[in-house]
> 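Can you keep this structure in mind? I'll have questions shortly.
A, B, ... follow the sequence lines: proteins, then strands. Residue 1 opens every chain. Bear in mind that the values here come from a model prediction, so they are computed numbers and not experimental data.
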Protein chains: 2
Amino acid sequence: MNDTRPIRAKSGTNHEGTSAHNRRVMIDALRVNGALSRADLARATRLTKQTVSNIIDELESDGLVTSRQTVRNGRGQPSTPYALVPEGAFAIGLQIDRHMTRAIAVDLVGNVLVRLEAKLPSGGPTTGIRVILDLIAAVRRHLTAIASQSEQRLVGLGAAMPGPFGLAGNGDDPWMMEAWQKFPLLETLAVGTGLDVSIQNDAAAATIAERMVGAAHGLDHAVCLYIGYGIGAGLILGGELYTGAYGNAGEIGMALLAVGGKSTPLEHRASLASLYQYLSLDPADPNLYVKIHDLVSTEDRRIVEWVETAAADLRWSVHLIETVFDPQTVILCGSAPRILVDRLLVTMGPLLPSLAERPDRTVPRLQVGMADPWSVALGAAAGPISLEFDPRYAAILKD
Amino acid sequence: MNDTRPIRAKSGTNHEGTSAHNRRVMIDALRVNGALSRADLARATRLTKQTVSNIIDELESDGLVTSRQTVRNGRGQPSTPYALVPEGAFAIGLQIDRHMTRAIAVDLVGNVLVRLEAKLPSGGPTTGIRVILDLIAAVRRHLTAIASQSEQRLVGLGAAMPGPFGLAGNGDDPWMMEAWQKFPLLETLAVGTGLDVSIQNDAAAATIAERMVGAAHGLDHAVCLYIGYGIGAGLILGGELYTGAYGNAGEIGMALLAVGGKSTPLEHRASLASLYQYLSLDPADPNLYVKIHDLVSTEDRRIVEWVETAAADLRWSVHLIETVFDPQTVILCGSAPRILVDRLLVTMGPLLPSLAERPDRTVPRLQVGMADPWSVALGAAAGPISLEFDPRYAAILKD
DNA sequence: TAATTAAGTCAAGACAATTGACTTAATAAG
DNA sequence: CTTATTAAGTCAATTGTCTTGACTTAATTA
């Protein structure tokens with residue numbers, strides 16, 4: 001037995017894992033339900049009153065929760081509800097897109113405190129990274145002006161950009177952002193900002209935003225169909241964002257539509273990029289969204305055409321997502337003008353039959369989430385908050 | 001605040017959760033790596049030597065692990081490897097199919113000790129349940145004859161049958177087993193056997209088998225494409241079987257193949273049922289598999305035709321699975337004759353381009369798993385073992 | 001033969017949840 | 001108005017589980 005093949009094993013846990021989990025469970029409960037008393041928390045989490053009391057004391061002295069007015073509930077001593085303190089934590093979110101970059105600052109409950117954007121120069125990462133670092137620095141300055149403790153309570157920087165990551169090389173597919181995908185973004189941002197950095201694709205980021213403050217709030221099984229320059233699905237499976245073995249799960253835009261024959265990726269038919277192409281719009285045009293909004297609201301013939309073909313493809317995508325994931329709901333979201341997403345939703349109905357047609361359904365099969373150019377940046381910012389405060393299996397384990 | 005809306009919260013954990021997790025981690029490590037010393041386990045699980053020592057002592061006195069010959073590893077005291085005791089636990093697996101039922105008994109490491117099958121009468125559950133209960137009783141008698149302690153160490157009964165579950169009603173689609181799907185199987189089996197019963201669809205069961213003793217052994221992100229009478233995908237995501245919000249995740253056989261136009265479910269084109277139909281074979285024929293084997297080995301024209309169309313659909317399915325789940329590997333398995341599955345695998349090559357074409361790949365994109373009529377029953381039996389002994393987030397939580 | 005290295009044990013300690021009795025503050029009943 | 005009841009929340013002791021650091025054992029190497 002002198003071989004040194006690595007031993008594969010899951011990590012064990014100890015008291016600190018237990019305690020970390022229970023703290024996260026409290027925070028999650030307050031996020032999902034709003035203010036709760038210690039007794040409520042004890043019942044909901046199945047912990048004892050005493051344990052909850054200790055944890056709440058601790059969270060309070062850490063500045064993460066605070067008590068509200070006591071309330072009388074009938075007989076018995078009035079209860080004291082506790083709520084999350086928005087200023088308990090902050091995070092920066094960064095979206096890197098083809099032609100521009102956005103940065104945002106959020107607090108513990110998901111309020112957006114600062115938002116800034118900048119055009120990205122065409123030179124790719126070598127010139128773009130300077131713009132990005134400046135933008136982040138500016139966001140931090142603004143944030144400090146609003147909340148003086150923000151720097152001490154900054155839990156990290158979440159970055160979002162189009163995937164997929166780690167591939168062999170895509171040739172020069174203009175749909176991709178190959179130069180950025182190969183750039184050591186994480187390391188560069190970490191050094192340049194001194195923050196903990198995490199990176200996700202844009203659909204995953206939008207999904208985290210939906211879970212924190214949107215349509216997936218409190219749901220443990222939800223899929224967001226994200227329509228941006230590309231198309232992706234963000235997966236909330238078992239209460240956690242699922243990103244696959246290599247971080248590319250949900251890259252549904254790359255799915256080929258037809259079996260055999262000439263097959264096109266979904267992304268080439270139903271994304272904003274395909275819309276720009278169809279309407280010969282310039283993706284770098286700063287008035288793009290206004291133009292699209294106007295075209296939709298005046299029922300322009302060509303955009304109606306595009307919506308109809310895109311809706312057919314998306315209808316099928318929803319069917320596929322339901323069939324494969326069996327989620328509680330599918331959420332249509334995107335960094336697209338709200339009016340366009342609403343129009344898509346309407347045009348997608350009626351949905352294809354699927355196993356999601358349950359007799360006991362309480363949530364709609366398909367609903368609109370945030371449709372806002374800033375949702376990716378918001379989700380990117382929510383990422384570090386979620387990593388730090390949401391209950392997760394990995395948070396229990398050692399190391 | 002006198003409303004009584006239910007409070008949604010995750011469950012907390014305590015010492016017992018910690019300890020339960022660490023025990024499971026040990027067992028998992030021994031299952032994946034074979035025999036390991038206490039020191040090895042301590043390093044791999046990041047627990048202290050002392051903790052590992054205590055847990056191993058406990059597992060040993062519970063009859064779940066046992067020591068092997070000490071081995072000299074160079075300097076230092078020789079180490080004592082510990083291994084799982086096969087007789088440490090047993091489980092019964094049950095497969096209910098359209099025309100027959102199979103029952104199996106396995107031990108802790110996945111050895112099959114008993115296998116029995118019976119024809120199911122055409123009368124559906126009302127008459128079939130008697131046959132099934134008798135079959136289970138017979139398996140238990142045989143098991144007791146082999147392992148006298150088996151009854152005390154029986155952790156449960158896992159049942160597997162074609163999904164989907166809990167739907168509104170499928171009309172009388174002959175592909176479905178509607179009467180069985182509506183029958184209160186779980187309750188009836190629990191009462192009839194006195195065991196803990198769990199139910200899964202056949203693809204999920206086959207996947208658990210692959211994870212325990214097959215191609216997914218030790219992998220945390222793998223998808224099994226299961227080809228049986230129907231078609232389904234079994235999902236190992238983040239080291240656990242994922243079954244969706246309502247237990248139907250992976251029912252990929254219901255996925256419609258084309259966008260718009262006349263679209264057929266995958267299941268109607270690439271399943272064994274479609275093969276039987278194509279070749280006008282009787283699904284209830286006891287010599288079915290022998291016939292198919294012969295047809296494949298003699299390269300019968302019509303089966304070659306079927307394989308080619310099915311392979312095209314399955315090639316696309318693999319592409320889709322890779323795109324959506326980003327797994328470490330896709331495993332082709334089924335309750336079909338091995339030779340047919342092998343033939344399908346060969347015919348499916350070359351695979352479609354996808355993000356699974358990674359430069360750093362160590363596992364094949366697609367591989368054959370168990371292809372054996374008994375794999376579903378085996379996986380059904382592995383279910384209760386996995387539930388009882390594998391590390392899982394839910395095992396840590398209270399209640 | 002002595003030094004070194006590694007496996008494994010012992011006993012005390014630390015940490016976090018649990019337990020059960022107690023306090024507080026409200027409503028309901030007589 | 002008084003007393004019983006109910007529920008929130010605290011106190012202090014206890015329990016369960018992992019950790020720590022010193023120690024023992026048994027091998028190889030110098």
> Regarding B:Glu58 and B:Asn54, do their side chains bring together a donor and an acceptor under 3.5 Å, going by distance alone?
no
> With respect to the side chain of B:Arg75, which nucleotide from C:dT4, C:dT19, C:dA16 is positioned closest?
C:dT4
> Among side-chain atoms of A:Asp399 and A:Ser11, is any donor-acceptor pair under 3.5 angstrom?
no
> Could you tell me how far apart B:Asn73 (CG) and C:dT4 (P) are, to the nearest whole angstrom?
21 Å
> With B:Tyr242, which residues qualify under ring pair (Phe, Tyr, Trp, His ring centres under 6.0 Å), at least two apart?
A:His221
> Rounded to the Å, how far apart are B:His15 NE2 and C:dT19 C1'?
13 Å
> Are B:Thr48 and D:dC18 close enough that a side-chain N or O sits under 4.0 Å from OP1 or OP2?
no
> Under 4.0 Å, heavy atoms only, any strand: does A:Asn22 hit a base, just the sugar-phosphate, or nothing?
sugar-phosphate
> Select base, sugar-phosphate, or nothing to describe what B:Thr18 touches, counting heavy atoms under 4.0 Å on all strands.
sugar-phosphate
> Nearest heavy atom decides the nucleotide; on that basis, is B:Lys398 or B:Thr80 closer to the 5' end of DNA chain C?
B:Thr80
> What is the separation between atom CG on B:Asp57 and atom P on D:dG16, rounded to the nearest whole Å?
18 Å
> Reckon A:Arg43 touches a base, only the sugar-phosphate, or nothing at all at heavy-atom distances under 4.0 Å?
sugar-phosphate
> Using OP1 and OP2 only, check whether a side-chain N or O of B:Ser53 sits under 4.0 Å from C:dT9.
yes
> Any idea which of D:dA8, C:dT9, D:dT19 is nearest the A:Asn14 side chain?
D:dT19
> Base, sugar-phosphate or nothing for B:Ser19? Non-hydrogen atoms, less than 4.0 Å.
sugar-phosphate
> Output yes when A:Lys10 and B:Asp220 qualify as a salt bridge under the 4.0 Å nitrogen-oxygen rule, no when they do not.
yes
